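Reading through the structure tokens given below for one structure.
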Amino acid sequence: MSASTTKQRRSYIGLVICVLACSLSIWSFYPGFMTPDSIANLIQGREGVFYDINAPLMSYLMGIFDRIVAGPGLIFVIHNIVFWAACYVLWLVVAERSLWLGFGVVLFGLTPG
């Protein structure tokens, strides 16, 4: 088996692991947990009035996403997709050296915060 075939197979393995882990995270914890900061961001996004005490961009995005799907669910899904996409990129870098290290690093994303 050539090196490029092995590399391609490892990238597919990492992609499958990250997609399954992302799906598991979303299925387990949807619609997510909201802290007082998150609630303030959501309220500011709904009202369209932004203050500098919370992240204005986050409030703005939550306001837009709230019009699509009410509540924090959509931003939770987007955060998980971005997180697991970053884990996949990490997999691509680490799994070239060691497949087991790749598994360990990516599955570390499933540990509690």
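Bear in mind the structure is a predicted one, so any value in this text is a computation, not a measurement.
We find the CD-CD1 distance between Q44 and I39 to be 12.5 Å, quoted to the nearest 0.5 Å. Here I43 contributes atom CD1 and Y51 contributes atom OH; the two are 11.0 Å apart, rounded to the nearest 0.5 Å. The OG atom of S59 sits 11.0 Å away from atom CD1 of I53, with the distance rounded to the nearest 0.5 Å.
Remark: W91 engages F103 in a ring pair (Phe, Tyr, Trp, His ring centres under 6.0 Å) (not counting sequence neighbours). Applying the side-chain contact (heavy atoms from CB on, under 4.5 Å) rule to V89 yields no partners; only residues at least two apart in sequence or on another chain are considered. Every residue meeting the side-chain contact (heavy atoms from CB on, under 4.5 Å) condition with L24, not counting sequence neighbours, appears here in chain and number order: W27, S28, L110. Y60 is linked by a ring pair (Phe, Tyr, Trp, His ring centres under 6.0 Å) to nothing, counting only residues two or more places apart in sequence or in another chain. Qualifying side-chain contact (heavy atoms from CB on, under 4.5 Å) partners for S23, counting only residues two or more places apart in sequence or in other chains: V19. Scanning for side chain to side chain donor-acceptor pair (under 3.5 Å) contacts around Y12 gives Q8, with sequence neighbours left out. Judged as a side chain to side chain donor-acceptor pair (under 3.5 Å), and not counting sequence neighbours, the contacts of S38 are T35.
The two atoms that bring C87 and V106 nearest to each other are O-CG2, 3.6 Å, heavy atoms only. Heavy-atom minimum distance, V94 versus G102: CG1-N, 3.8 Å.
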Less than 3.5 Å apart, which donor and acceptor atoms pair up between the side chains of residues 75-84 and the rest of the protein, not counting sequence neighbours?
from : atom 1 : to  : atom 2 : distance (Å)
N80  : ND2    : F76 : O      : 3.1

Exercise answer: donor-acceptor pairs, residues 61-71 side-chain atoms, under 3.5 Å, sequence neighbours excluded:
from : atom 1 : to  : atom 2 : distance (Å)
D66  : OD1    : R46 : NH2    : 3.2
D66  : OD1    : G71 : N      : 2.6
D66  : OD2    : R46 : NE     : 2.7

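A continuous path of ILVMFWY side-chain contacts below 4.5 Å connects I26 to F29, so both sit in one hydrophobic cluster.
Apart from V16 itself, the hydrophobic cluster it occupies contains L20, where clustering links Ile, Leu, Val, Met, Phe, Trp and Tyr at side-chain heavy-atom distances under 4.5 Å. When hydrophobic residues (I, L, V, M, F, W, Y) are linked wherever their side-chain heavy atoms come within less than 4.5 Å, V93 remains an isolated member.
The stretch residues 85-108 participates, sequence neighbours left out, in these salt bridge (Lys or Arg N to Asp or Glu O under 4.0 Å) pairs: K7-E96.
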